[in-house]
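Worksheet: the structure to be examined is printed underneath.
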Amino acid sequence: MPELPEVETIRRELDREVAGKKIASVEVTGTRTVRRGTKKQLVDRLVGHTIKGARRKGKYLCLVLDDGGWLVIHLRMSGQLLKAAPKDPKPKHTHVVVTFAQGGQLRFVDPRTFGEVFVVDPARLVEDAPDLAELGWDPLEEGITLPSLAQLLLSRRMQLKALLSDQKIVAGLGNIYTDEILHAAGLRYDRQSNTLTSQEIRRLSRAILEVLHDAIAARGSSLADEQYVDLSGRPGTYQLQHQVHARDGKACPRCRATIEKAKYQGRSTYYCPSCQV
DNA sequence: CGATCTACCTGATGGC
DNA sequence: TGCCATCAGGTAGATC
C-alpha cells in the first residue's frame, strides 16, 4: 500500500498524536506481525517507555523511545495505523494494540499480514535491521545534488522503474509514484539509466521532488479499495491528480495520446507511449 | 551486475 | 447466485 507520501503523512500525524505519550500496555494478537524477536520481548521492551517523536526512513516509520530505541513499523501492502479509544470496536485483522497511559490507543491493522513491527537500537542497525541500514537516498530527507543523482543513474545500467523502486538506491518510491514521476519527467519506465542526458536527469530530479511534495500536500493516494487511510481513517486525495497511474485507455493530460498499461516486474505499469521517451 | 519469477496473505472485482 | 481467475500500495530470495 503506502509509499513515501502516505508514510510521511502518517509520520506527521504521529508526531502530533503520540509524541510525549507513555506506553501503558501492548497487546500483540497477530501471529506474523512480530517476526524479529518474540512478542514478549517486544512488549517488555515497550511498556513504561515514552515516545519522543516519529521519524521516517524510506517507507519505514520509526517511533523514537525515551531510551533512544526505535519502535519500527513497516506497513507493506495493506498495513494501517489507526488511533482509537479503547472502547472502539476492533477492526478485523487488528494485530497490535498500544495503549497509552494518557488514554487512547494506536492500532496496527493489516489484512494481508505482510506488515511488520519491531524494536531496534539505532546503534545496532547494521547488525539487527540491515534492510533499514541499507536504504538509499531519501528524496525528502537529504537534498541530492545533480552530480550525485547523475552518478547514481549513470553508474548503473538499469531500467528506470527498477532503479527508482529499488529501496537500496532510492528510498520510498513504489509502483504508483514511479509511474507518476516518470511521466512528469517524460521518461519511459524501461529506459536505460545510463543513457539519460543531463537535461533528462534535471527533469527527473525536478519530477521526483515535485510529485512527492504535491502528493504529501494532498495527504497521499488512496486507490478504489481505500486500503490507505491516515491515522484517523481518512483517505488521501492525490489519486485525483494522478496523470497515468490506473488511467489506461484515457488521454494523456500532456499530449492527449492514449495511456497504456504494461506488465513490468510482475505488476502493472502505466505510461504514455507518446510523450515518455 | 541486472532481469525475471515466486512466495508471503486476504479481499475485492469481474467474467461466465 | 456461485465459482474461478485476476489483481492490489512491498520486498526477499532463487535462478539464469
Side-chain angles (χ1 to χ4, degrees), chain A residues 1-11 29-36 56-61 72-81 91-95 108-118 129-136 152-182 188-195 211-212 215-216 218-230 234-242 244-249 261-270:
Chain A
M1 147 179 132
E3 304 178 33
L4 189 153
E6 291 76 31
V7 178
E8 177 62 18
T9 300
I10 296 173
R11 185 200 70 75
T29 46
T31 54
R32 301 186 72 240
T33 303
V34 176
R35 301 195 274 272
R36 312 186 198 199
R56 182 188 55 77
K57 296 272 163 199
K59 299 175 193 170
Y60 294 78
L61 281 164
V72 182
I73 299 143
H74 197 305
L75 303 168
R76 292 286 173 95
M77 291 286 265
S78 62
Q80 299 177 335
L81 275 181
K92 201 175 172 184
H93 306 298
T94 300
H95 303 311
F108 179 76
V109 179
D110 184 18
R112 292 176 74 179
T113 71
F114 294 166
E116 197 182 358
V117 174
F118 61 95
D131 46 340
L132 243 169
E134 290 166 14
L135 287 173
L152 187 150
L153 292 160
L154 301 176
S155 66
R156 291 176 179 84
R157 186 178 297 224
M158 272 175 90
Q159 296 177 328
L160 283 181
K161 181 157 180 169
L163 187 152
L164 291 177
S165 48
D166 184 332
Q167 303 300 300
K168 291 183 168 63
I169 303 174
V170 182
L173 304 183
N175 209 35
I176 292 180
Y177 292 101
T178 49
D179 282 1
E180 291 300 318
I181 285 166
L182 287 170
R188 278 180 66 103
Y189 63 97
D190 55 358
R191 177 76 179 276
Q192 289 293 124
S193 62
N194 60 331
T195 67
V211 167
L212 292 178
I216 291 167
R219 306 177 60 78
S221 303
S222 297
L223 299 190
D225 58 9
E226 284 197 7
Q227 193 74 251
Y228 164 69
V229 290
D230 65 16
R234 289 171 310 194
T237 61
Y238 190 67
Q239 66 279 6
L240 303 174
Q241 296 178 59
H242 286 179
V244 286
H245 191 82
R247 298 191 76 250
D248 49 313
K261 176 181 182 175
K263 265 278 174 279
Y264 183 68
Q265 294 185 325
R267 52 207 330 132
S268 298
T269 283
Y270 304 88

Atom CG of A:Leu223 and atom P of C:dA8: how far apart are they, to the nearest Å? 10 Å
In whole angstrom, give the distance that lies between atom OH of A:Tyr270 and atom P of C:dC7. 10 Å
Distance below 4.0 Å between A:His74 side-chain N/O and C:dT11 OP1 or OP2: yes
Contact class for A:Gly174 (heavy atom, under 4.0 Å): base, sugar-phosphate, or nothing? sugar-phosphate
Between residues 109-118 of chain A and DNA chain C, which residues have a heavy-atom gap below 4.0 Å? A:Arg112, A:Phe114
To the nearest Å, give me how far apart CZ (A:Arg35) and P (C:dG10) are. 16 Å
Among A:His242, A:Gln239, A:Gln241, the one residue meeting side-chain hydrogen bond (donor to acceptor under 3.5 Å, both in side chains) with A:Ser221: A:His242
Tell me what A:Ser268 touches on the nucleic acid: a base, only sugar-phosphate, or nothing, going by heavy atoms under 4.0 Å. sugar-phosphate
Between the side chains of A:Tyr238 and A:Glu180, does any donor sit under 3.5 Å from an acceptor? no
Ignoring hydrogens and angles, tell me if any N or O in the side chain of A:Thr29 forms a donor-acceptor pair with the backbone of A:Thr94 under 3.5 Å. yes
Base, sugar-phosphate, or nothing: which does A:Arg32 touch, judged by heavy atoms less than 4.0 Å apart? sugar-phosphate
A:Tyr264 OH to B:dG2 C1', in whole Å, measures 10 Å
Starting at CD of A:Gln227 and ending at C1' of C:dC7, how long is that distance when rounded to a whole Å? 13 Å
Give a yes-or-no answer on whether the side chains of A:Tyr228 and A:Glu3 include a donor-acceptor pair shorter than 3.5 Å. no
By the definition side-chain hydrogen bond (donor to acceptor under 3.5 Å, both in side chains), identify the one residue from A:Lys161, A:Lys261, A:Arg188 that meets it with A:Thr269. A:Lys161
Round to the nearest Å and state the distance from A:Asp166 atom CG to C:dG10 atom P. 13 Å
Between C:dG10 (P) and A:Tyr60 (OH): distance, integer Å: 13 Å
Against A:Asp131, only a single residue in A:Lys59, A:Arg36, A:Arg76 fulfils salt bridge (charged side-chain N to carboxylate O under 4.0 Å, His left out); can you say which? A:Arg36
Name the nucleic acid region contacted by A:Lys92, choosing base, sugar-phosphate or nothing; use a 4.0 angstrom heavy-atom cut-off, strictly under. sugar-phosphate
B:dC9 and C:dG2, which share atom name P, separated by this distance in whole Å: 28 Å
Are the side chains of A:Leu4 and A:Arg56 in touch, meaning some heavy atoms are under 4.5 Å apart? yes
For B:dC9, does OP1 or OP2 lie under 4.0 Å from any side-chain N or O of A:His93? no
Nucleic acid contacts of residues 152-162 of chain A, taken as heavy-atom distances under 4.0 Å to DNA chain B: A:Arg156, A:Arg157, A:Met158, A:Gln159
Mind running side chain to side chain donor-acceptor pair (under 3.5 Å) on A:Tyr177 and A:Glu6 for me, showing each step along the way? CA-CA 11 Å; A:Tyr177 292 101; A:Glu6 291 76 31; 2.6 Å; yes
So, the side chain of A:Glu116 versus the backbone of A:Phe114: is there a donor-acceptor pair under 3.5 Å, distance only? no
In what stems does DNA chain C take part, counting only runs of at least 3 consecutive Watson-Crick or G-U pairs whose two distances fall under 3.5 Å? B:2-8 with C:10-16, B:10-16 with C:2-8
Without swapping roles, check the side chain of A:Asp179 against the backbone of A:Tyr270 for a donor-acceptor pair under 3.5 Å. yes
Atom CG of A:Asp190 and atom C1' of B:dG2 are separated, to the nearest Å, by 14 Å
Phosphate contact (C:dT11 OP1 or OP2) by A:Lys59 side-chain N/O below 4.0 Å: yes
Give the nucleotide from the list B:dA3, C:dT11, C:dC7 with an atom nearest to the side chain of A:Gln192. B:dA3
Can you check whether A:Gln159 reaches A:Gln192 side chain to side chain, under 4.5 Å on heavy atoms? yes
Specify whether A:His95 and A:Phe108 have parallel, tilted or perpendicular ring planes, treating 30° as the upper limit for parallel and 60° as the lower limit for perpendicular. tilted
